[in-house]
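The model shown is predicted, which means the values in this text are computed figures rather than measured ones.
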Amino acid sequence: GREHTLSEYQAKKILVVAFLGTECPLVKQYASRLNEIREKFKSDGVEVIGVNSNVQDSLEEIGAFVRRQKIEFPMLKDPD
């Protein structure tokens, strides 16, 4: 619901940027693993963010996908 910039994450030691699509069968399998990685390593300065750059995925579809997959990390839409 808001814009994000890379500078928001500059204090993190590692930033994992995962490109995710709502229809990707692999994403449906590893989204929970990304949650686990984030939780396990957050005290070490690791952050995970998801980026959806698929033109066909609307914000509503992405929101529903995040809820279905129980994604706990920020999920961003790249419209460009």
Undergrad: Would you give me the side-chain donor-acceptor pairs under 3.5 Å for residues 9-26, sequence neighbours excluded?
TA:
from  : atom 1 : to    : atom 2 : distance (Å)
Tyr9  : OH     : His4  : ND1    : 3.1
Thr22 : OG1    : Asp57 : OD1    : 2.9
Thr22 : OG1    : Asp57 : OD2    : 3.3

Undergrad: Verify the cluster assignment for Val66 and Phe73: are they in a single hydrophobic cluster under the rule of side-chain heavy atoms below 4.5 Å apart?
TA: yes
Undergrad: Applying the 4.5 Å side-chain criterion to the ILVMFWY set and letting contacts propagate, would Phe41 and Val48 be lumped into a single cluster?
TA: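 Cluster IDs for Phe41 and Val48 match.
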Undergrad: Decide, yes or no, whether a salt bridge links Arg38 with Glu47 under the criterion of side-chain N to carboxylate O below 4.0 Å.
TA: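 Here Arg38 pairs with Glu47 in a salt bridge, since their nearest N and O are under 4.0 Å apart.
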Undergrad: According to side chain to side chain donor-acceptor pair (under 3.5 Å), does anything in residues 24-35 pair up with another residue at least two apart or in another chain? List the pairs.
TA: Arg33-Glu36
Undergrad: Heavy atoms, side chains only, cut-off 4.5 Å: are Phe65 and Ile71 in contact?
TA: yes
Undergrad: Please collect all salt bridge (charged side-chain N to carboxylate O under 4.0 Å, His left out) contacts where either partner lies in residues 66-76, sequence neighbours excluded, each pair once.
TA: none
